[in-house]
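Keep in mind that the numbers below use all heavy atoms, side chains included, and drop hydrogens, waters and symmetry copies. We name chains A, B, ... by the order of the sequence lines, and we start the count at 1 in each one.
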Protein chains: 2
Amino acid sequence: MVILELDLNSDTPIYLQIKEKIIEGIALKQLVPGEGLPSVRALASDLGVNMHTVNKAYQLLKQDGYLLIHRQKGVVIQPEGMPSVDNDYLEKLKNRLQPLISESVCRGMTSEQFMRICHDILGQFEEKGE
Amino acid sequence: MVILELDLNSDTPIYLQIKEKIIEGIALKQLVPGEGLPSVRALASDLGVNMHTVNKAYQLLKQDGYLLIHRQKGVVIQPEGMPSVDNDYLEKLKNRLQPLISESVCRGMTSEQFMRICHDILGQFEEKGE
DNA sequence: CTATCTGTTATATATATTGTATAACAGATA
DNA sequence: TATCTGTTATACAATATATATAACAGATAG
């Protein structure tokens, strides 16, 4: 399992950090569909947090369609394809981008500057090896 | 003052919604530097929320450099120029963009699709009238 | 069969965040 | 003097976050 670093001082709750890191791992292909994840107890122990904190992250990921959870077998990255880009998702994405972009405009950032930053981050997920 | 709509069912706290809407108003040039904002009590009354909720939003905006607050005169959009694009801001922006982009990659969105959405939102802030 | 591993569920507790409700203060102003 | 600023203080309630234990049922390894 990929090492998962937490920032206990972050204003982002631990369970959300875990969720985001796993999604990032999938996007980076460090985690591949069908791959198993540590049990809630094992990951909690590794991270030094409570079992329920990890469980909450797993439940959210399951709810979003990123994970399959078999009651006795364990947790697996969804093997049948990732969640899709539907209208609900697009709306949420736009609503989360809006305040970021408003602020960048206020601060005098140009569209090109903002797009450049997005482009750079997107570049992290390009096929490098392979 | 621009009408400011709140979503009481949102998972975004009211004081953050107020903050974001005011920043959006500045980005849209509906609010211009030097322009006065309603008093904490007046805006709270308009929105149907508590005085302290508005005050919290104003304090955050002051802290970020968007507002000037004169103890007896009232609240004014910073007339001396908006906060700048410094390294602290850039780091925060990237950290907030990262999970959004990770998720879009997981869902199979192309870079072009993501950039297009950003471009469209950025377009809302272009000089149209004038 | 027994022990151990799953996820799940339940209960309890502690703390921080969010939001409201009042009240009072000092300075400016009409 | 009365009224408007922002500010500060206190109290309260509801919710969110995180932890600590415990127990359950099913699968599996010894």
If Ile, Leu, Val, Met, Phe, Trp and Tyr residues are connected whenever their side-chain heavy atoms lie under 4.5 Å apart, and connections chain through other members, are V32(B) and F125(B) in the same group?
no
Is V54(A) reachable from L60(A) through a run of hydrophobic residues whose side-chain heavy atoms are each under 4.5 Å from the next?
no
To the nearest 0.5 angstrom, please state how far the NZ atom of K19(B) sits from the CD atom of Q59(B).
12.0 Å
Between atom OG1 of T53(A) and atom CD1 of I14(A), what is the distance when rounded to the nearest 0.5 Å?
5.5 Å
Ignoring hydrogens and geometry, is there a side-chain-to-backbone donor-acceptor pair from N50(B) to H52(B) under 3.5 Å?
yes
Determine yes or no for a side-chain-to-main-chain donor-acceptor pair under 3.5 angstrom, with Q17(B) supplying the side chain and D7(B) the backbone.
yes
Are any non-hydrogen side-chain atoms of Y66(B) and E103(A) less than 4.5 angstrom apart?
yes
Do the non-hydrogen side-chain atoms of M109(B) and L93(A) ever get within less than 4.5 Å of each other?
yes
Can E20(B) and S102(A) be said to form a side-chain contact (heavy atoms from CB on, under 4.5 Å), step by step?
CA-CA 8 Å; E20(B) 289 172 355; S102(A) 294; over 6 Å; no
Where does DNA chain C form stems of at least three consecutive Watson-Crick or G-U wobble pairs, each pair having both distances below 3.5 Å?
C:1-30 with D:1-30
Can you check whether [X] has a side-chain N or O nearer than 4.0 Å to OP1 or OP2 of [N]?
X      : N       : value
N55(A) : dG7(C)  : no
T53(B) : dT20(C) : yes
Q59(B) : dG6(D)  : no

What about R41(A): does its side chain form a donor-acceptor pair under 3.5 Å with the base of dT21(D)?
no
Could you tell me how far apart [X] ([atom1]) and [N] ([atom2]) are, to the nearest whole angstrom?
X      : N       : atom1 : atom2 : result
L60(B) : dT17(C) : CG    : P     : 13 Å
K62(B) : dT5(D)  : NZ    : C1'   : 14 Å
N9(B)  : dA16(D) : CG    : P     : 12 Å
N50(B) : dA11(D) : CG    : P     : 17 Å
L16(B) : dT17(C) : CG    : C1'   : 11 Å
D11(A) : dA16(D) : CG    : P     : 17 Å
L8(B)  : dT18(C) : CG    : P     : 15 Å

Which nucleotide wins on minimum distance to the side chain of V40(A), given the candidates dG6(D), dT7(D), dG7(C)?
dG7(C)
When you measure from the side chain of Y15(B), which nucleotide among dT18(C), dG7(C), dT8(C) comes out closest?
dT18(C)
Expected output is a numbered-order residue list: members of residues 66-74 of chain B with a heavy atom under 4.0 Å from any atom of DNA chain C. What is it?
Q72(B)
By salt bridge (Lys or Arg N to Asp or Glu O under 4.0 Å), K29(A) pairs with (sequence neighbours left out) E127(A)
Scan Q17(B) against the nucleic acid and name what it touches under 4.0 Å (heavy atoms): base, sugar-phosphate only, or nothing.
nothing
List, one per line, each side-chain donor-acceptor pair under 3.5 Å for residues 37-49 of chain B, sequence neighbours excluded.
{"from": "S39(B)", "atom 1": "OG", "to": "A42(B)", "atom 2": "N", "distance (Å)": "3.1"}

Polar pairs (N or O, both sides) under 3.5 Å between protein and nucleotides 10-13 of chain C?
{"from": "dA10(C)", "atom 1": "N6", "to": "H52(A)", "atom 2": "NE2", "distance (Å)": "2.6"}

Would you mind writing out the side-chain donor-acceptor pairs for residues 67-91 of chain A within the sub-3.5 Å range, not counting sequence neighbours?
{"from": "Q78(A)", "atom 1": "OE1", "to": "E80(A)", "atom 2": "N", "distance (Å)": "3.1"}
{"from": "D86(A)", "atom 1": "OD1", "to": "Y89(A)", "atom 2": "N", "distance (Å)": "2.9"}
{"from": "Y89(A)", "atom 1": "OH", "to": "S104(B)", "atom 2": "N", "distance (Å)": "3.3"}

